[in-house]
Amino acid sequence: MENLELYEHLLNLSSVKVEAVELTKDKVTISCKLSTSSCICPTCGQVSSQVHQSYKRIVRDLNLISREVYLSIKIRQFYCKTCTSYFTESLDFADANKSHTHRQEDFMFMVARKQSYSESAVILNVHPKTVERTVLSLCKERVDLAQRYAQVKRLGIDEQSHRKGKKDYLCVLTDLDRGTLVDILKSRKKEDLIAHFESLGSSFCEQITDVSCDYWRGYISVAQHCFPSATIVLDRFHVTNLLNSCVDKFRKLLRKSETDNLNYRRLKWILYKQYHNLSDKELINLQLCFEDCPLLKEVYWKREQFHHILDNNQKIEIVLQKIEEWVGSMNEELKNIFKSFTNTLNSTMEYVANYVKNSLSNAVTEGLNNLIRSIRRVAFGMPNFEHLRWRALAISN
Ligand SMILES: [Zn+2]
């Protein structure tokens, strides 16, 4: 096999004919041209073989054994006799205005998936801006946003704080049936969300059958306003969290008042678990605590009862009635302990109960939040919302 032929095989670009190769310590420059003798005129569709002029175009390709590879391609400009116009031949392996081949761009995208632009730039030996531009344009190319919105029926709405310690929230929209990210919005403000959903058109608003969100009042009123026929469900995850925070507040008091009791140590995570999920060791530990503090047992069982209501009933009217009974049966001590939970229940009971309709959970959103967090970590130094958004959307594709 001739040397040039070998390079053609290595390149594996069917339309390319290698004419010369120049090797240096860290660089391979492959001079080549397209093997076709004619080209189709983009204006009239006729074949032309009349070359008017040609020029050199340099495109970076994938590295070859630690050497950077550059294709120096002879690009021809043709003259079309039929419509008397000039046109330039295009490459099927690189876009007209780009200095990298498609496969080199794909590689850049892969490298930048889990690393920052600047780290990726060092690995690839290109400018960080090149990585940034390439990644962003590939993300936009790969994400069909309209399609994502078109297929969602059950919508999850949740938030993510954008910058640590700042009240700067992103709003995360998910497709609960598919378990996928739909979009990330820069603001979770009520009026911004309403404007966003309305901009998607009435057909979008009408296709939403269920909305799952957390306790934040803004989401509930957005859902009521934009999706009047949808069932609003308070996410079980957040309901459980609020319930557990009451139990935990009581545990902290207990721990403070009885610092000598070793059983109360490491009790937090045991208390968070539902009874059927406890290990034998945890059961023994819990039992000992119950013996030391009967009120703790009451608190724990009260919490369990609430879960039982949501887990063992299908009819919303029955659930509502049982929740009312659950609140009503508390003595003063328990009322005080569960105060923050029952206060919230007053205005949201219907949405909490809607959970039993189809056990809708926003757990997907919680998982996707982790993804966004990891992207935010690698986006460090580039706190640009649009980048965060498109990278998260592309990675969750
Ligand atoms: Zn023509």
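Position 1 is the first residue of the sequence, and the numbers go up from there.
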Checklist entry - In terms of ring plane angle, is the pair Y86 and H52 parallel, tilted or perpendicular, where the classes change at 30° and 60°? => result tilted

Next on the checklist: A side-chain contact here means heavy atoms from C-beta on lying under 4.5 Å apart; do L267 and L286 qualify?
Outcome noted: yes

Checklist outcome for this item: Here the gap from L170 atom CG to L185 atom CG, rounded to the nearest 0.5 Å, amounts to 9.0 Å

Checklist entry - Can R303 be said to sit on top of F306's aromatic six-ring, NZ or CZ under 6.0 Å from centre and within 45° of the ring axis? => result no

Checklist entry - Is any side-chain heavy atom of F93 closer than 4.5 Å to a side-chain heavy atom of S15? => result yes

Next on the checklist: Treating K302 as the side-chain partner and W326 as the backbone partner, does any N or O pair qualify as donor plus acceptor under 3.5 Å?
Outcome noted: yes

Item to check | CD1-CG distance between I157 and L176, expressed to the nearest 0.5 angstrom | outcome: 9.5 Å

Item to check | Aromatic plane relationship, F204 with F227 - under 30° parallel, 30 to 60° tilted, over 60° perpendicular | outcome: perpendicular

Next on the checklist: Side chains of C41 and F78, heavy atoms from C-beta outward: is any pair under 4.5 Å?
Outcome noted: no

Next on the checklist: Would you say that L234 contacts N354 through its side chain, given a criterion of any heavy-atom pair below 4.5 Å between the two side chains?
Outcome noted: no

Scan the side chains in residues 270-280 for donor-acceptor partners under 3.5 Å anywhere in the protein, sequence neighbours excluded, and list what turns up.
from : atom 1 : to   : atom 2 : distance (Å)
K273 : NZ     : E282 : OE1    : 3.2
K273 : NZ     : E282 : OE2    : 3.1
S279 : OG     : E282 : N      : 3.3
S279 : OG     : E282 : OE1    : 3.3

Checklist entry - Are L254 and L288 joined in one hydrophobic group, where the rule is that I, L, V, M, F, W and Y side chains link up if heavy atoms are under 4.5 Å apart? => result no

Next on the checklist: Could you check whether D106 pairs with R103 (Lys NZ or Arg NE/NH1/NH2 to Asp/Glu carboxylate O, under 4.0 Å)?
Outcome noted: no

Item to check | Quiz item: cation-pi between R60 and F107, 6.0 Å / 45° | outcome: no

